[in-house]
Amino acid sequence: MFALLSVLVLSTTGFGWAMFRPGAGGTSTADVIGKGLSAPDGATDILLIGNDSRNDAFGNPLPDNVLRELRTSYDGGDLTDAMILVRIPNGGQSASAISFPRDTLVDVGLGEGKTKLTETMNRGKHAEMAKLRKDGVTDPKELEEKSRLAGKQLLLKTIEDVTGVSIDHYAEVNLLGFYDVTNAIGGVEVCLLEDTKDKDSGANFHKGVQTIQGADALAFVRQRKGLINELDRGRRQQVFVSALARKVMSTGTLTNPAKLTELVNAIQKSVILDPALANDVLGFAQQIQGIAGGNVQFFTAPVHLVGSSGSEDVTIKIPEVRQFAADLLLSPTERQQKQVAMQARAATSVSVYNASGVSGLAARVLEEISGQGFKAGGSSNADTMDRSVIYYATGEEAAAKQVSDSLGGVPTEVRSSVESGSVEVYLGKDYKGPGTQNFASAQTVQLDGLRQAGPLLAQPETDDMPAITADGVPCIR
């Protein structure tokens with residue numbers, strides 16, 4: 001994201017636009033989108049990729065001396081260390097950036113089952129190369145270019161499938177970009193809560209505020225050992241991106257010709273954009289100029305950590321992620337209201353009784369309702385009833401109404417025997433809502449998991465782990 005923001009900010013200056021304008025020999029492009037802009041969905045959506053590739057933006061292998069400077073070797077391939085979806089509401093003056101942990105397990109549609117998101121680009125590349133060879137393609141350059149593009153397209157499609165978002169633009173930066181861009185602007189400021197040391201990545205940092213650049217910047221975002229889990233690595237990346245965006249947008253960078261020249265040169269070596277974005281960088285920069293004020297907030301996609309600490313599988317539930325992405329287009333007031341409502345759901349225990357005669361219905365409905373943020377009570381059978389009903393305790397009609405809305409409008413009634421903080425759902429013969437065989441649930445889920453207990457995680461916001469935006473220096477692990 002830092003590279004894209006750099007391009008956008010620089011393009012609004014006369015010098016920057018002269019360097020990035022079409023036909024000026026600017027950034028490398030890849031037609032990853034293909035279809036052009038998606039159907040209107042209330043936002044411009046950009047997929048930002050941090051590629052672990054040991055090539056520059058034009059596919060040229062990095063020389064050994066550069067790899068030594070980066071503290072890495074040529075082994076690595078097209079793994080993606082960072083995947084961020086930026087949602088910019090139409091006409092808005094702010095943006096939300098959703099990070100996806102690189103080890104998130106997804107089905108990429110190649111018939112190989114679940115794989116880590118970081119491996120998607122490589123898997124797509126290898127699958128396409130095998131197909132091209134089977135079709136008789138033998139030219140090494142053609143094989144490499146077409147298969148590499150197919151890998152990028154598979155990653156984009158996978159993110160679209162997971163989030164339900166139609167992505168409009170694509171931007172990619174490689175390892176060299178982290179190194180060169182941070183050097184070009186004189187480093188960025190970050191803050192750590194404690195000392196850290198990782199011999200594999202070279203992430204040896206002291207506690208407190210410090211300025212990092214070059215190989216240290218790369219080590220900062222790549223560190224894995226010494227962190228609690230993969231989500232901590234994502235926060236490292238978010239903090240780094242926000243810090244670099246803040247530095248690039250500062251007047252000290254934009255009014256310094258030497259820094260501008262070095263920054264433009266660094267970006268052109270390390271950034272790949274889709275053609276539509278590359279050809280209208282200035283127009284897009286003008287469209288989102290309000291974001292330059294620092295109105296970018298960073299989140300982590302809701303995930304579930306399964307397994308023992310330090311070796312967890314990172315899993316997702318697609319309906320949760322899709323609702324999360326959609327809710328980022330709400331206004332701050334609407335999001336706050338929805339968050340309050342979701343907290344009320346988490347405090348409401350729902351028990352489901354099957355009075356319909358349909359085998360297993362209560363268990364399925366309880367699974368549906370708990371998936372929408374309510375606390376799961378129990379499920380059991382009851383005497384057959386013609387009419388469904390939801391019973392609630394005196395004074396707690398609002399909670400019952402939320403349950404009713406989630407189940408398609410089941411009638412509610414107060415009942416003195418119902419305990420406070422709980423709701424009892426009786427499914428009669430007339431029930432046609434979620435959990436029945438042919439019903440497609442709206443799958444309304446929690447907004448972003450900021451404070452939910454249990455395995456669902458988004459970006460935690462606590463006293464020592466504040467929200468990440470582009471206008472502050474939060475201290476993290």
Side-chain angles (χ1 to χ4, degrees), residues 38-39 41-43 45 47 83 85 87 96 98-101 103-109 113-117 120 156-167 231 299-306 312-330 334-335 337-346 348 350 352 360-376 379 402-410 425 431-459:
S38 65
D41 62 0
D45 299 295
L47 179 60
M83 290 149 285
L85 176 64
R87 305 216 73 189
S96 297
I98 316 170
S99 297
F100 295 87
D103 288 346
T104 303
L105 294 175
V106 293
D107 187 341
V108 300
K114 295 289 182 69
T115 187
K116 292 181 179 179
L117 194 58
T120 303
L156 182 139
K157 179 181 181 300
T158 300
I159 297 293
E160 285 187 328
D161 290 344
V162 167
T163 61
V165 170
S166 294
I167 296 172
L231 300 185
F299 299 91
T300 301
V303 297
H304 295 259
L305 300 182
V306 180
E312 307 97 334
D313 285 335
V314 184
T315 67
I316 58 171
K317 294 181 179 179
I318 289 179
E320 291 173 345
V321 180
R322 289 185 174 184
Q323 190 64 55
F324 176 77
D327 285 342
L328 291 180
L329 299 186
L330 297 175
E334 291 171 323
R335 292 186 65 219
Q337 291 173 342
K338 189 164 186 178
Q339 185 176 12
V340 170
M342 295 312 299
Q343 290 172 340
R345 288 189 177 203
T348 302
V350 180
V352 183
L361 182 61
R364 293 197 300 272
V365 171
L366 183 61
E367 182 179 2
E368 290 278 348
I369 204 71
S370 62
Q372 296 181 36
F374 295 96
K375 185 189 303 181
S379 64
Q402 283 202 54
V403 176
S404 174
D405 290 344
S406 298
L407 296 180
V410 175
V425 178
Y431 182 71
K432 304 296 182 184
T436 54
Q437 185 174 357
N438 296 318
F439 187 90
S441 168
Q443 294 290 351
T444 303
V445 299
Q446 70 174 64
L447 175 61
D448 52 21
L450 292 179
R451 296 179 177 84
Q452 177 175 332
L456 183 62
L457 300 170
Q459 175 179 301

Handout entry: By side chain to side chain donor-acceptor pair (under 3.5 Å) - contacts of T348 (at least two apart)
Key = none
Problem - side chain to side chain donor-acceptor pair (under 3.5 Å) involving S99 - partner list, sequence neighbours excluded - result: Q238
Rounded to the nearest 0.5 Å, how far does [atom2] of [Y] lie from [atom1] of [X]?
{"X": "D327", "Y": "R87", "atom1": "CG", "atom2": "CZ", "answer": "10.0 Å"}
{"X": "M83", "Y": "I159", "atom1": "CE", "atom2": "CD1", "answer": "6.5 Å"}
{"X": "I316", "Y": "T163", "atom1": "CD1", "atom2": "OG1", "answer": "9.5 Å"}
{"X": "L407", "Y": "Q372", "atom1": "CG", "atom2": "CD", "answer": "7.0 Å"}
{"X": "L47", "Y": "I167", "atom1": "CG", "atom2": "CD1", "answer": "4.5 Å"}

Handout entry: Results of salt bridge (Lys or Arg N to Asp or Glu O under 4.0 Å) for D107 - residues two or more places apart only
Key = none
Exercise for the section: Sequence neighbours left out, what passes salt bridge (Lys or Arg N to Asp or Glu O under 4.0 Å) with K114? Give chain and number order. Expected result: none
Fill in the blank from the handout: Sequence neighbours excluded, the answer for side-chain contact (heavy atoms from CB on, under 4.5 Å) partners of T315 is L105, H304, V306, D313
Handout entry: Residues forming a side-chain contact (heavy atoms from CB on, under 4.5 Å) with A376, sequence neighbours excluded
Key = L366, S370
Shortest non-hydrogen contact from [X] to [Y]?
{"X": "S96", "Y": "L328", "result": "CB-CD1, 3.8 Å"}
{"X": "Q402", "Y": "A344", "result": "NE2-CB, 4.1 Å"}
{"X": "I318", "Y": "D161", "result": "CG2-O, 4.0 Å"}
{"X": "V165", "Y": "A325", "result": "CG2-CB, 4.1 Å"}
{"X": "L329", "Y": "A43", "result": "CD2-CB, 3.6 Å"}
{"X": "G408", "Y": "P434", "result": "N-CD, 4.4 Å"}

Exercise for the section: Report yes if some heavy atom in the side chain of P101 is under 4.5 Å from a heavy atom in the side chain of L117; otherwise report no. Expected result: no
